[in-house]
Amino acid sequence: FGSSRGSHGRRCSPQTPGTMSSSEEVSWISWFCGLRGNEFFCEVDEDYIQDKFNLTGLNEQVPHYRQALDMILDLEPGNGVWGLWGGVWGGVWGSHGGLWTPLTPLCPPPQLEKYQQGDFGYCPRVYCENQPMLPIGLSDIPGEAMVKLYCPKCMDVYTPKSSRHHHTDGAYFGTGFPHMLFMVHPEYRPKRPANQFVPR
């Protein structure tokens, strides 16, 4: 989602965007990811975000692209750009196949850790035996559908249990994130359920 570095960038207090705290200060990205309801987001390495290959085509699709990118990298000093990267940027970010999290064989992405820890929730299906799930979008177009959770065991999607996630746009994650993650890390793909419920 955003840079995990940025000690040089703008800092924000955990309570109010754009304000300074005399005690403990965090980057706006850490502040945003720590907000209630934003648990599905995570910080990624700055080098990944700055890699031009990962940003191909975004400058043509995202309004105020340069300012939005500077803000994500904690370089934008102004206070009037808090909404620039919002729905449009997030949607394009997601539609690029989960660009907000690096998918490399040598370095497990932060979302993989969240998946292993069950931070996104567990499949409610009995025969999936508490299989951890991953966030997914039902559409790559911003505003069309809120985020859902994908179970890689039964390969079905579910509504997040907590209502605080019911307003997170699914386009932030894209329609292909779980599939790309397992393509890069096939060792984490679970086997299909051994049992299936049969009505009697």
Sorted by chain and residue number, the side-chain contact (heavy atoms from CB on, under 4.5 Å) partners of Ser139 (sequence neighbours excluded) come out as Ile141, Glu144
Atom pair [atom1]/[atom2] of [X] and [Y] - distance to nearest 0.5 Å:
| X | Y | atom1 | atom2 | answer |
| --- | --- | --- | --- | --- |
| Asn38 | Tyr172 | CG | OH | 8.5 Å |
| Asp156 | Cys123 | CG | SG | 7.5 Å |
| Lys148 | Thr175 | NZ | OG1 | 15.0 Å |

Contacts of Gln131 meeting side chain to side chain donor-acceptor pair (under 3.5 Å) (sequence neighbours excluded), chain-then-number -> Tyr115
Side chain to side chain donor-acceptor pair (under 3.5 Å) filter on Ser162, not counting sequence neighbours, yields Arg164
Flag side-chain contact, heavy atom, 4.5 Å: [X] against [Y]:
| X | Y | result |
| --- | --- | --- |
| Phe182 | Leu134 | yes |
| Ile136 | Phe177 | no |
| Cys151 | Arg125 | no |
| Thr168 | Met146 | no |
| Glu39 | Asp119 | no |

Contacts satisfying ring-ring contact (aromatic ring centres under 6.0 Å, His included) that involve residues 121-157 (not counting sequence neighbours) are Tyr150-His179
Check: Do Tyr158 and Leu181 belong together in a cluster built from hydrophobic side chains that touch within less than 4.5 Å?
Finding: yes
Check the hydrophobic clustering (I, L, V, M, F, W, Y; side-chain heavy atoms under 4.5 Å; chains of links allowed) and say if Met155 and Leu138 are grouped together.
-> yes
Residues at least two apart in sequence or cross-chain that pass ring pair (Phe, Tyr, Trp, His ring centres under 6.0 Å) with Phe120, listed by chain then number, are Phe40
Shortest non-hydrogen pair, Pro132 vs Pro152, comes out as O-CD, 3.6 Å
Closest non-hydrogen atoms of Val147 and His165, given as atom of the first, atom of the second and distance, are CG1-O, 3.5 Å
Side-chain donor-acceptor distances from residues 191-200 under 3.5 Å, at least two apart:
residue : atom : partner : partner atom : Å
Arg192  : NH1  : Lys153  : O            : 3.1
Arg192  : NH1  : Cys154  : O            : 3.2

